[in-house]
Amino acid sequence: MWRRVASLSALISSTSNRCFLDQVAYRMSTCKLFSSEVKENPLTLKDLFITFVLGGPGSGKGTQCAKIVETFGYVHLSAGELLRREIASNSEYGSMILNTIKDGKIVPSEMTVRLIQKEMELSNNHKFLIDGFPRNEENRIAFETIIGADPDIVLFFNCPEEEMVKRVLNRNQGRVDDNIETIKKRLQVFKASNLLVVDYYSDKGKLFEIDATGTEEEIFERVRPVFAAFQHDQK
Ligand code: C5P
Ligand code: MG
């Protein structure tokens, strides 16, 4: 079921001067969304198995998710990719999202959760890898509030900072945020916010920490047993 959210300001905190007006416009539109009365959430009708995939920039989340999809039949939803798609679609929030990404900051959570929710609802599958999410406590709480679900398991790709920087600078995917200035900011945000989320799931006994050094194959051999162990729990 959808739930009312008492305070939007608690969920939306990242504001930079440059995109302030975009964010105000976004807040106003989400007020409308959140003021609607309780209605059925089609996702509660699915027997979901949700995996959050965490790790710093360049820790190999996307690469390993592709292998998990191939081997275990999950749907891969990358939060960053959904946001980049939103920019490319000329959405009214495109410039706000672009400026936030260029700044290495985190997009207001309802925006990201709505994009994830749309994809989950459209999918015929019930097993999801949600990559690059939640990036902070605000993301985590927004997902719980809007989707009304917790992850079943959480993967954390742990990688030394120098290795992450090297991988991001070498990957040549034409991303606006794969430059050294933005990478430094992304690493700061990662250390300040993402590690809190990692600790939260560790305390809940849901965290699987993966050593993200070595080759793609070596890393996948550390990932494989996690999903193999849960295969029997899923219909
Ligand atoms: O995960 P990825 O590296 O693709 O994310 C790129 C950027 O997208 C992040 O640095 C951040 O600016 C934005 N993002 C976000 N919220 C998320 C995931 C990504 O704001 N949950
Ligand atoms: Mg990625």
Side-chain angles (χ1 to χ4, degrees), residues 10-11 13-14 43 47-69 71-72 74-82 104-107 109 112-113 116-117 120 126-165 167-168 183 185-214 216 218-234:
L11 288 174
S13 66
S14 73
L43 283 174
D47 196 6
L48 300 173
F49 190 92
I50 297 173
T51 302
F52 285 158
V53 182
L54 306 179
S59 60
K61 304 183 294 292
T63 307
Q64 292 300 319
C65 281
K67 290 181 176 293
I68 299 163
V69 168
T71 314
F72 294 102
Y74 279 67
V75 171
H76 176 204
L77 302 178
S78 156
E81 202 52 55
L82 293 176
K105 295 199 173 135
I106 305 302
V107 171
S109 297
T112 314
V113 174
I116 294 171
Q117 181 185 37
M120 289 176 78
H126 67 286
K127 291 161 42 177
F128 295 97
L129 294 172
I130 306 185
D131 155 12
F133 185 96
R135 282 292 223 275
N136 56 19
E137 288 288 283
E138 184 198 272
N139 267 188
R140 179 180 70 71
I141 293 164
F143 188 91
E144 282 172 15
T145 310
I146 296 171
I147 309 285
D150 284 325
D152 293 277
I153 56 171
V154 178
L155 290 193
F156 170 47
F157 288 100
N158 198 355
C159 193
E161 213 170 290
E162 319 80 70
E163 177 65 18
M164 292 197 281
V165 173
R167 289 181 190 170
V168 172
I183 294 168
K185 292 181 189 168
R186 288 160 69 193
L187 284 169
Q188 274 167 10
V189 169
F190 170 68
K191 283 186 277 190
S193 311
N194 210 323
L195 292 177
L196 284 176
V197 179
V198 168
D199 287 345
Y200 176 87
Y201 289 117
S202 174
D203 290 347
K204 293 217 163 238
K206 292 191 173 182
L207 194 80
F208 292 85
E209 185 168 332
I210 308 286
D211 170 3
T213 58
E216 290 175 17
E218 283 166 348
I219 300 166
F220 188 62
E221 288 316 311
R222 297 170 198 142
V223 169
R224 186 195 293 277
V226 175
F227 289 90
F230 281 97
Q231 231 172 348
H232 302 295
D233 294 352
Q234 302 158 6

Nearest-0.5 Å distance, [atom1] of residue [X] to [atom2] of residue [Y]:
{"X": "Ile68", "Y": "Asp131", "atom1": "CD1", "atom2": "CG", "answer": "9.0 Å"}
{"X": "Ile106", "Y": "Glu138", "atom1": "CD1", "atom2": "CD", "answer": "9.0 Å"}
{"X": "Leu77", "Y": "Thr112", "atom1": "CG", "atom2": "OG1", "answer": "12.5 Å"}
{"X": "Lys127", "Y": "Phe49", "atom1": "NZ", "atom2": "CZ", "answer": "8.5 Å"}
{"X": "Lys206", "Y": "Thr51", "atom1": "NZ", "atom2": "OG1", "answer": "10.5 Å"}
{"X": "Ile141", "Y": "Ser109", "atom1": "CD1", "atom2": "OG", "answer": "8.5 Å"}

Any residue meeting side chain to side chain donor-acceptor pair (under 3.5 Å) with Arg140, in chain and number order, not counting sequence neighbours: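 Counting only residues at least two positions away or on another chain, Arg140 forms a side chain to side chain donor-acceptor pair (under 3.5 Å) with Glu137, Glu144, Tyr200.
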
With sequence neighbours excluded, residues passing side chain to side chain donor-acceptor pair (under 3.5 Å) with Thr213: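 Once residues adjacent in sequence are excluded, the partners of Thr213 under the side chain to side chain donor-acceptor pair (under 3.5 Å) criterion are Asp211.
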
Which pair of non-hydrogen atoms, one from Gly214 and one from Ile219, has the smallest distance, and what is that distance?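 Minimum heavy-atom contact is O-CD1, 3.7 Å.
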
Please report the closest heavy-atom contact between Cys65 and Leu129, naming both atoms and the distance.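 Answer, listing the atom of Cys65 first, then Leu129: O-CD1, 3.7 Å.
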
Mind listing the side-chain donor-acceptor pairs of residues 190-198 below 3.5 Å, one per line with the distance, residues two or more places apart or on another chain?
{"from": "Lys191", "atom 1": "NZ", "to": "Glu161", "atom 2": "OE1", "distance (Å)": "3.1"}
{"from": "Ser193", "atom 1": "OG", "to": "Val189", "atom 2": "O", "distance (Å)": "3.4"}

Are Pro134 and Leu54 side-chain neighbours, meaning at least one heavy-atom pair lies under 4.5 Å?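 Result yes, sub-4.5 Å side-chain heavy-atom pair found.
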
If you define the side chain from C-beta out and look only at heavy atoms, does anything of Met164 sit under 4.5 Å from Ile183?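 They are not in contact (no side-chain heavy atoms under 4.5 Å apart), so the answer is no.
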
Please list, chain by chain and in numerical order, all residues satisfying side chain to side chain contact (heavy atoms under 4.5 Å, CB included) with Glu216, sequence neighbours excluded.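 Partners of Glu216 under the side chain to side chain contact (heavy atoms under 4.5 Å, CB included) test: Thr63, Gln64, Lys67.
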
With side chain to side chain contact (heavy atoms under 4.5 Å, CB included) as the test, would you mind laying out the steps for Val165 and Leu187 before giving the verdict? CA-CA 9 Å; Val165 173; Leu187 284 169; 3.7 Å; yes

Without swapping roles, check the side chain of Lys61 against the backbone of Gly56 for a donor-acceptor pair under 3.5 Å.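 Yes, Lys61 side chain to Gly56 backbone: donor-acceptor pair under 3.5 Å.
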
Has the side chain of Arg167 got a donor or acceptor atom that lies under 3.5 Å from a matching backbone atom of Gly58?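 It does hold such a pair.
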
Under 3.5 Å, side-chain donor or acceptor atoms of residues 148-160 against the rest of the protein: list the pairs with distances, not counting sequence neighbours.
{"from": "Asp152", "atom 1": "OD2", "to": "Ile50", "atom 2": "N", "distance (Å)": "2.8"}
{"from": "Asn158", "atom 1": "ND2", "to": "Glu209", "atom 2": "OE2", "distance (Å)": "2.7"}

So Thr71 and Phe220, side chain to side chain contact (heavy atoms under 4.5 Å, CB included) or not? Walk me through it. CA-CA 10 Å; Thr71 314; Phe220 188 62; 3.4 Å; yes

Counterpart residues, ring-ring contact (aromatic ring centres under 6.0 Å, His included), relative to Phe208 (two or more places apart):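 Result, ring-ring contact (aromatic ring centres under 6.0 Å, His included) vs Phe208: Phe230.
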
For Phe133, check ring-ring contact (aromatic ring centres under 6.0 Å, His included) against everything at least two apart and list the hits.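 Phe133: ring-ring contact (aromatic ring centres under 6.0 Å, His included) contacts with Phe52, Phe143.
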
